[in-house]
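Since we're looking at a predicted model, the values are computed, not measured. Protein chains get the first letters and strands the later ones, always in sequence-line order, with residue 1 at the start of each.
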Number of protein chains: 2
Amino acid sequence: MTQTRTRLERGRSALGPALALVHTGRAPTRAVLTAELGVTRATAGAVAAELEALGLIRVDSRPLGAAGAQGRPSHRLSIAPHGPVALAAQVHADGFRAALVGLGGQTVATAPGCMTVPADPAHVIDAVVEAGVRLLRETGRRCVGAGLAVPSAVAEPEGTALNPLHVAWPAGAPVRELFSRSLAAAGIRGDDGEPVTGFAGNDVNLAALAEHRHGAGGGAQHLLCVATGHRGVGGALVLDGRLHTGSAGLALEVGHLTVNPEGPPCHCGSRGCLDIEADPLAFLTAAGREPGPEVSLLQQARDLLREEYATAPSVRAATEQLIDRLGLGLAGLVNILNPDRIILGGLHRELLEADPERLRAVVAERSLWGRSGGVPILPCTLDHNSLVGAAELAWQPVLDDPLAALGVG
Amino acid sequence: MTQTRTRLERGRSALGPALALVHTGRAPTRAVLTAELGVTRATAGAVAAELEALGLIRVDSRPLGAAGAQGRPSHRLSIAPHGPVALAAQVHADGFRAALVGLGGQTVATAPGCMTVPADPAHVIDAVVEAGVRLLRETGRRCVGAGLAVPSAVAEPEGTALNPLHVAWPAGAPVRELFSRSLAAAGIRGDDGEPVTGFAGNDVNLAALAEHRHGAGGGAQHLLCVATGHRGVGGALVLDGRLHTGSAGLALEVGHLTVNPEGPPCHCGSRGCLDIEADPLAFLTAAGREPGPEVSLLQQARDLLREEYATAPSVRAATEQLIDRLGLGLAGLVNILNPDRIILGGLHRELLEADPERLRAVVAERSLWGRSGGVPILPCTLDHNSLVGAAELAWQPVLDDPLAALGVG
DNA sequence: TCACTTTGTGCCGACTCCAAACAAAATACG
DNA sequence: CGTATTTTGTTTGGAGTCGGCACAAAGTGA
């Protein structure tokens, strides 16, 4: 069934940017697409038609809601309802997740979460891929690629996990290679018949990417994201829509900024590092609670903050202490990176929501100029943003060059 | 004298990249240019001819040195000997400098340095421009633009100096506007008859840019530059050949990284900041010397280090102390930025050269992974690199789009 | 001197994309 | 209810780039 496709005569170079605009919700109509791309209506029309022919977007000639504006209504652009998906997976301290994520960051299907993490990365990754295969079979969707979020720095270009402490993997585990091999063994193939490519990235990095494209980071040019999951603190920077991972993928390892010169010594050799001053364990300790083994540290800290912040002075004091420490760390990052927006995740999000004024005041006071101090600090807004970010990795080749990535032309 | 130029039929988009290659010495011949641009020989030929017609480069059909290689020798590319120049200026704690800098970072003419800095920025800038006018008149060169290096963070997009403490200017002085107005008043005009554009930037930022293009930073993708001049410590980051100045020009304010948790309090509210632990005054103090008023602190520290490092134990101890502090700061930056090269300037350069092994060991030990610790740390290699970097600012529009910048076509 | 290698140049054709003219679909207004 | 106006979609012609190819030029090596 070799379907004859009309050859694209114009807008080839605008194909990727156009898809990215629809993907991030910045091009609801063809008229907006024309303006955003800076091309003629003819080119935008060809681009939209080609993306529709590729099965990626839908072009609705008949707009349902009358907008009330003058002139001929523009065609509406949306994500194709049964288009291809990316396989997204996340390994975390308490298990793993897998899902299928379409364009626009929409989760199409989710696998029941698994709650055990064997120390062997190959086993976990095989299990993740198996869950993905099941989802693909159940939904019958095409797969454009796969992304894996891990709680560890991922070295580039090797794709190895450098410090996967939370999942007790050996340092330097070749996660991307394991992932790609597992995908190939499972027979997950793209439209071109080749096994899909597997990507891997740090969970906080991917969360930042997802928030930039579909969440609270929209439109930011220099987006800083800081989050704490179970232990330690992670950071990420999205510059002009691209993850900044440094020359070897190791950037934004923000856990060892000094935020309390008189604080306890850290294993890194310094003292009072952000890692041990502003994570869930630090919060529980500061509030005088003994962490229990039943649920995750993050969950315990969250519950404590939500339930006793208003009533227990020790919890309030612990909250303020962590806000001050976190604020100091953020101020240091503001001085170095000068972001135009900051997004907080994990327990840091709860700290921000508990007392946003205090955190903003600390950052403003300790960063060097009031102007930088005025940087907006927002909570993250997406559920499972690391998972969505993992899908972004897989979608990226399609966003960069749809024709090449889908093996057409 | 409207000279009839043959219209450029190909290679228009490659014009800027081609000029950048010649500018940075990466395209010595037309054959190399062809390979680096990834275009056909015909296109590269048209590009080289166009740049020659613009008076920017020279194409030598007759190669002087026979390379001994087989085949037809390629035409040699070099900077046009009497081409246009950029006006470069630098204001520092002890006075100002002005020079004309051609493509390739070559200083064409230098004004005698002036050694007084009135507190009024308008006066200094007028004096700088006056020196530039004299140089332009003496040499008869065309001027493509002007750049000014100041010892202060420069806010973008306003072009205001935020903390010009060393020159006793008022905070927020609109240096770029003063510079541009002074240039226009002095009648410095480009080929198109319009007054040339004036740019302003932080001196360390511009030094980093110059080192990346013409010095020790060549080829680095993520270049970190740290330097100390008279007081305090400055930093800069060059990402993929472009200065990274953050969202408002305030990035890389590295002076307030904590490098000595037990150190003295800093005016920023923290203690043991890099600013007060690793600048020339800190060195003199650590060596037990009283700074004198006769020459600059930098000069005193340099002289002391050069002359007494080998003989005076106190100087050696002070050197090691500052190396350890600086190393800690660099390690923090490595953890956040993950550069692939570090260049040190000012007194930090001397510290590196006094004991390179110690500094590298400290950075490797305190940055999180040995791989990052293995980042090369080099001394800067250019004389007056801030001045050359100021010229780079002025050259940038020409490097981006030669035809548009020179008002042709 | 001739074969070989590498580079420079002219010409053709393919590929993009803008500009302009025209068609279509809504609102505004009499 | 019909016409003018506004805005958008579509078609067509033509111009601007640039790769590919053939050929010329300028060296080296035998």
Exercise. Within less than 4.0 Å of OP1 or OP2 of C:dC17, is there a side-chain N or O belonging to A:S13?
Worked result: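 Yes, because at least one side-chain N or O of A:S13 sits under 4.0 Å from OP1 or OP2 of C:dC17.
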For this session: Determine which pairs satisfy salt bridge (Lys or Arg N to Asp or Glu O under 4.0 Å) with at least one residue from residues 238-248 of chain B, sequence neighbours left out, and list them in order.
Result: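 Every salt bridge (Lys or Arg N to Asp or Glu O under 4.0 Å) pair that includes a residue of residues 238-248 of chain B, provided the two are not neighbours, is B:R242-B:D400.
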Exercise. Which letter, B, S or -, goes with each nucleotide of nucleotides 6-14 of chain C from 5' to 3', with contact meaning a protein heavy atom under 4.0 Å?
Worked result: BBBBBB---
Problem set entry | Those residues that, when tested against B:R72, pass salt bridge (charged side-chain N to carboxylate O under 4.0 Å, His left out) (two or more places apart) |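 By the salt bridge (charged side-chain N to carboxylate O under 4.0 Å, His left out) rule, B:R72 matches no residue at all.
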Exercise. Are A:H244 and B:H222 an aromatic pair by the rule of ring centers under 6.0 Å?
Worked result: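 Between B:H222 and A:H244, which both carry aromatic rings, the centre distance is below 6.0 Å.
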Applying side chain to side chain donor-acceptor pair (under 3.5 Å), name anything that partners [X], two or more places apart in sequence or on another chain.
X: A:T381; result: A:E211
X: B:R41; result: none
X: A:E177; result: A:R181

Distance in angstrom units between [X] [atom1] and [N] [atom2], rounded:
X: A:E50; N: C:dT16; atom1: CD; atom2: P; result: 11 Å
X: A:E9; N: D:dG14; atom1: CD; atom2: P; result: 16 Å
X: B:L8; N: D:dT17; atom1: CG; atom2: P; result: 7 Å
X: A:R76; N: D:dG9; atom1: CZ; atom2: C1'; result: 17 Å
X: A:L33; N: D:dG9; atom1: CG; atom2: P; result: 10 Å
X: B:D60; N: D:dA26; atom1: CG; atom2: C1'; result: 16 Å
X: A:L77; N: D:dT8; atom1: CG; atom2: P; result: 13 Å

Problem set entry | Contact summary for B:V108 and B:G102, nearest pair of heavy atoms |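 Nearest heavy atoms, B:V108 then B:G102: CG2-N, 3.9 Å.
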For this session: Using a cut-off of strictly less than 4.0 Å between a heavy atom of the residue and any atom of DNA chain C, enumerate the qualifying residues of residues 17-25 of chain A by number.
Result: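 Of all residues in residues 17-25 of chain A, none places a heavy atom under 4.0 Å from DNA chain C.
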Problem set entry | Residues that A:I79 engages under side-chain contact (heavy atoms from CB on, under 4.5 Å), provided they are two or more places apart |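 Residues passing side-chain contact (heavy atoms from CB on, under 4.5 Å) with A:I79: A:V22, A:L103.
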For this session: Mind jotting down which residue pairs meet the side chain to side chain donor-acceptor pair (under 3.5 Å) criterion with at least one end in residues 19-28 of chain B? Sequence neighbours excluded, please.
Result: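 Residue pairs passing side chain to side chain donor-acceptor pair (under 3.5 Å), neighbours aside: B:H23-B:H214, B:H23-B:E392, B:T24-B:R26.
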For this session: Side chain of B:T43 only, please: which of D:dC18, C:dT16, C:dA19 is the nearest?
Result: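 The nucleotide sitting nearest to the side chain is D:dC18.
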